[in-house]
Amino acid sequence: VQLVESGGGLVQAGGSLRLSCAASGSIFSINVMGWYRQAPGKERELVADINSGGSTNYADSVKGRFTTAVDTAENTVYLQMNALKPEDTAVYFCAARSSWVFSTRVSMYDYWGQGTQVTVSS
């Protein structure tokens, strides 16, 4: 499975960005897609995930501002980010896994994209 993110950039606080993650390869094995972010000097943290049934999970810090969704026809997962804050600045990664077990652990994911930088200025 290959994952390619796009859509990062520089935005002012309060603005919006939409990240995309295009999946290819043996995607039939994938049951959960996740979005992670990693700021300088910090651990990688789960932002949101979505499973094959459409159920979503969000970090408390982004609830009500971020939304993830899947376009199955395009094999693409999106992360719509609204009301962005400077503390949202990080490299954002999409990830995929076959396991259905609920988990936020980085080690649970089998495949990772290359990451895309999101910078929010104050």
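Numbers here simply count residues along the sequence, with the first being 1.
Here the side chains of Val118 and Leu19 are in contact, with some heavy-atom distance below 4.5 Å. Side-chain contact between Arg97 and Ile30 is absent, with no heavy-atom pair separated by less than 4.5 Å. In this structure, Ser121 and Val11 have side chains that are not in contact, with every pair of non-hydrogen atoms separated by 4.5 Å or more.
Pairs engaging residues 25-64 under the ring-ring contact (aromatic ring centres under 6.0 Å, His included) rule: Tyr36-Tyr109, Tyr36-Trp112 [sequence neighbours left out]. Note on residues 19-28: pairs passing side-chain hydrogen bond (donor to acceptor under 3.5 Å, both in side chains), not counting sequence neighbours, are Gln2-Ser24. Identified under the salt bridge (charged side-chain N to carboxylate O under 4.0 Å, His left out) test for residues 38-47, with sequence neighbours left out: Arg37-Glu45. A disulfide bond (SG atoms under 2.5 Å apart) check over residues 51-122, counting only residues at least two apart or in different chains, returns the pairs Cys21-Cys94. Here salt bridge (charged side-chain N to carboxylate O under 4.0 Å, His left out) pairs that include residues 65-75, with residues two or more places apart or in two chains, are Arg65-Asp88.
Scanning for ring pair (Phe, Tyr, Trp, His ring centres under 6.0 Å) contacts around Phe93 gives an empty result, with sequence neighbours left out. Taking the side chain to side chain contact (heavy atoms under 4.5 Å, CB included) definition, one finds that Ala59 meets it with Ser61, Val62, sequence neighbours left out. Considering only residues two or more places apart in sequence or on other chains, Glu87 meets the side chain to side chain contact (heavy atoms under 4.5 Å, CB included) condition with Lys85. Every side chain to side chain contact (heavy atoms under 4.5 Å, CB included) that Thr119 has, sequence neighbours left out, goes to Leu10, Thr89, Gln117. Qualifying side chain to side chain contact (heavy atoms under 4.5 Å, CB included) partners for Asn75, counting only residues two or more places apart in sequence or in other chains: Ile27. Shown here are the side chain to side chain donor-acceptor pair (under 3.5 Å) partners of Ser103, two or more places apart in sequence or in another chain: there are none.
Nearest heavy atom pair, residue Leu3 against residue Ala23, reads CD2-CB, 3.7 Å. Taking each heavy atom of Ala39 and Ala90 in turn, the nearest pair found is N-CB, 3.8 Å.
Atom CH2 of residue Trp100 and atom CG of residue Asn31 lie 5.0 Å apart, to the nearest 0.5 angstrom. Between the CG atom in Leu79 and the CD1 atom in Ile50 there is a gap of 10.5 Å [rounded to 0.5 Å]. Atom CG of Leu46 is separated from atom CG of Asn57 by 6.0 Å, given to the nearest 0.5 angstrom. One finds the CE atom of Met81 at 4.5 Å from the CG atom of Leu17 (value rounded to the nearest 0.5 Å).
In terms of hydrophobic clustering, with Ile, Leu, Val, Met, Phe, Trp and Tyr side chains grouped at heavy-atom distances under 4.5 Å, Met108 and Val1 are assigned to different clusters. There is a path of hydrophobic side-chain contacts, each under 4.5 Å, that joins Val47 to Met33. In this structure, Val106 is a member of the same hydrophobic cluster as Val91, with clusters built from ILVMFWY side-chain heavy atoms closer than 4.5 Å.
Residues Asn82 and Ser16 have side chains that bring a donor and an acceptor to within less than 3.5 angstrom of each other.
Counting only distance, with no hydrogens or angles, the side chain of Thr68 and the backbone of Tyr78 share a donor-acceptor pair below 3.5 Å. At distances below 3.5 Å, at least one donor-acceptor pair connects side-chain atoms of Glu5 with backbone N or O atoms of Gln114.
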